[in-house]
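Working notes, beginning with the structure itself.
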Amino acid sequence: PMYEVVQVRLREAGKITYFSTGGMKFKAGDFIIVEGDRGLDYGQVLSETEAILDSDVGDEPLRKIIRKANPWDMIQIEKNKKKVRDVLDTCGRKVAEKRLAMKLVDAEFSFDRSKIIFYFTAEGRVDFRNLVKELAGIFKTRIELKQIGVRDEAKMLGGLGPCGRALCCATYLKDFDPVTIKMAKEQNLPLNPTKISGLCGRLMCCLGYEYKTYKELMKGLPAMGSIIKTEKGAGKVVSVNALRRSVTVELENGTHSEVSFNKEP
């Protein structure tokens, strides 16, 4: 069977997932109230309505959107956000008391306050069972602790990248794809960690954006350091320009010469 769905980001920092529209019409940017795992939750629509097959749904059951958020819902969401400061302070004190090796990043209430989700980073595994028990006793609600990576932390906190624009991960990137040093090499970028790392300290996501194009353009171009024959004699390749599809060759007499290759790889 086909399902009418939209992509939804749960709360502010929850994962992006498909929700069934139940035949209702939504547009990107709408705030909505949705079925939670136990109770009601809220999220924001990120896409236009799509039709997907059973096989695209994944392992988790497809949850329903209850309604578009009304003004009273929005007041409740704002109240929840204001209370987050207090719960973070309390949790932070408990983490310090117990000397747990974890760094609290953020917290969120589910829409109906039936659950508080705390997000943290840590080097290794942390036994936080007693912490959860104490917090559940203090707040009289379900507590969930989620360990996240440094890239997720940057996504949650947001900020400006070295390019001066808002972080890709915080604005539109749905998932984190692996980024490798090979991507920087292929694009002739300086292999200086400070130049090619994002705010999270990992390689910048944008290194992957043009990688395929560079790889395609590099096809058929001689490698750096190789010896090739030119109209002016043999020479050593000292630089490769993928975008121009050309290489610079150092000839035996010490002069440099640019050799162009066909524009199409």
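Numbers here are sequence positions counted from 1. The analysis underlying the following values was restricted to heavy atoms, covering all of them including side chains, and did not include hydrogens, waters or symmetry mates. Predicted, not measured: the structure shown is a model, and the values here were computed from it.
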Requested in this report: Under the salt bridge (Lys or Arg N to Asp or Glu O under 4.0 Å) rule, what do Arg67 and Asp73 come out as? Steps first, then yes or no, please.
Outcome: CA-CA 10 Å; Arg67 63 176 181 268; Asp73 294 331; 2.9 Å; yes
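- At least one donor-acceptor pair closer than 3.5 Å links the side chain of Arg245 to the backbone N or O of Lys219.
- Taken to the nearest 0.5 Å, the CZ atom of Arg165 stands 11.0 Å off from the SG atom of Cys206.
- Proximity of the aromatic rings of Phe118 and Phe128 is defined here by a centroid distance below 6.0 angstrom, and this criterion is not met.
- Residues Val237 and Thr248 form no side-chain contact, since every pair of their non-hydrogen atoms from C-beta on lies 4.5 Å or further apart.
- Cation-pi check for Lys115 over Phe139 is not met; the charged atom does not lie both under 6.0 angstrom from the ring centroid and within 45 degrees of its normal.
- Looking at Ser110, its side chain does come within 3.5 Å of a backbone N or O of Ser114 through a donor-acceptor pair.
- By the 4.0 Å N-to-carboxylate-O rule, Lys94 lies close enough to Glu134 to be salt-bridged with it.
- A salt bridge links Lys146 with Glu144: the distance from a Lys NZ or Arg NE/NH1/NH2 to an Asp or Glu carboxylate oxygen falls below 4.0 Å.
- Between Asp152 and Lys155 there is no salt bridge, since no side-chain N of the basic residue sits under 4.0 Å from a carboxylate O of the acidic one.
- Salt bridge annotation for Glu250-Lys236: absent, with no cationic side-chain nitrogen under 4.0 angstrom from a carboxylate oxygen.
- Surrounding CZ of Arg113 are more than 12 heavy atoms belonging to other residues, nucleotides or ligands, all under 6.0 Å away.
- Side-chain contact check for Thr90 versus Ile138: some heavy-atom pair is nearer than 4.5 Å.
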